[in-house]
Visitor: 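Questions regarding the structure given below will be posed in turn.
FYI, side chains are in, hydrogens and waters are out, and symmetry mates aren't considered; it's all heavy atoms of this structure.
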Amino acid sequence: MRWISQGILKLIGWRMVGELPGPRSVLIGAPHTSNWDFLFALLAFWSLSIPARWVGKHTIFRWPFRGLMCRLGGIPVDRFATHDFVHQIVEWFDRERELAIVIAPEGTRSRKQFWHSGFYWIAHGAGVPIVL
């Protein structure tokens with residue numbers, strides 16, 4: 001999958017710059033302006049062989065796409081319900097030796113004046129770096 005993803009990214013004019021600081025981090029996907037962001041992010045992770053997980057609104061995890069989204073690394077979150085999401089993700093970091101989780105801090109594709117702070121509290125609680 002790595003070579004295929006690298007080839008596709010090269011064909012569309014993208015190149016990867018930089019590297020992750022280690023096997024555990026919170027990755028920021030910003031600005032999140034299009035549904036295409038998802039595809040480009042998956043290609044980037046696969047091209048770097050990063051087993052990244054990503055956070056998406058719960059509505060995209062409905063049948064018939066739920067299984068596919070979960071296999072692609074998705075974690076559903078209901079943005080309007082309080083389920084201690086930050087604590088749950090911190091616990092995942094406690095259990096996993098390697099975990100890169102991608103979060104779009106705007107929480108939507110429309111322009112926002114401020115980002116949600118959950119990504120910061122996850123990184124702080126897990127003791128992992130934040131990567132833009």
Visitor: Do Leu99 and Arg53 come close enough that some side-chain heavy atom pair is under 4.5 Å?
Guide: yes
Visitor: Within a 6.0 Å radius of atom CZ on Arg95, are there more than 12 heavy atoms belonging to other residues, nucleotides or ligands?
Guide: yes
Visitor: Does Glu91 have any side chain to side chain donor-acceptor pair (under 3.5 Å) partners at least two apart in sequence or in another chain, and if so, which?
Guide: His87
Visitor: Which heavy atom in Ile122 sits nearest to a heavy atom in Ile89, and how many Å separate them?
Guide: CG2-CG2, 3.6 Å
Visitor: Calculate, to the nearest 0.5 Å, the distance between atoms CD1 and CH2 belonging to Ile8 and Trp46 respectively.
Guide: 8.5 Å
Visitor: Taking atom OG of Ser49 and atom CH2 of Trp3, what is their separation to the nearest 0.5 Å?
Guide: 8.5 Å
Visitor: For residues 21-31, dump all side-chain donor-acceptor pairs below 3.5 Å to protein atoms at least two apart in sequence or in another chain.
Guide:
residue, atom, partner, partner atom, Å
Arg24, NH1, Phe93, O, 2.5
Arg24, NH1, Glu96, O, 2.7

Visitor: Give the ring-plane orientation class for Trp121 versus His124, where under 30° counts as parallel, over 60° as perpendicular and anything between as tilted.
Guide: perpendicular
Visitor: CD/Gln6 to CG/Leu43 distance, rounded to the nearest 0.5 angstrom?
Guide: 11.0 Å
Visitor: When clusters are formed by joining ILVMFWY residues with side-chain heavy atoms under 4.5 Å apart, either directly or through shared neighbours, do Ile12 and Leu42 land in the same one?
Guide: yes
Visitor: So which heavy atom on Met69 is nearest to which on Ile60, and how close?
Guide: CG-O, 3.6 Å
Visitor: Roughly how far, to the nearest 0.5 Å, is CH2 of Trp115 from CD1 of Ile103?
Guide: 11.5 Å
Visitor: Got Phe85 and Ile75 here, is their nearest side-chain heavy-atom distance under 4.5 Å?
Guide: yes
Visitor: Can you name the residues that form a ring pair (Phe, Tyr, Trp, His ring centres under 6.0 Å) with Trp54, not counting sequence neighbours?
Guide: Phe38, Phe61
Visitor: Under 4.5 Å between side-chain heavy atoms, counting indirect links through other Ile/Leu/Val/Met/Phe/Trp/Tyr residues: same cluster for Leu68 and Leu39 or not?
Guide: yes
Visitor: Do you reckon Leu132 sits in the same ILVMFWY cluster as Ile101, going by side-chain contacts under 4.5 Å, direct or chained?
Guide: yes
Visitor: Return the minimal non-hydrogen interatomic distance between Ile130 and Ala123, and the atom names on each side.
Guide: CG1-CB, 3.4 Å
Visitor: Is there a donor-acceptor pair closer than 3.5 Å between any side-chain N or O of Arg2 and the backbone N or O of Ser47?
Guide: yes
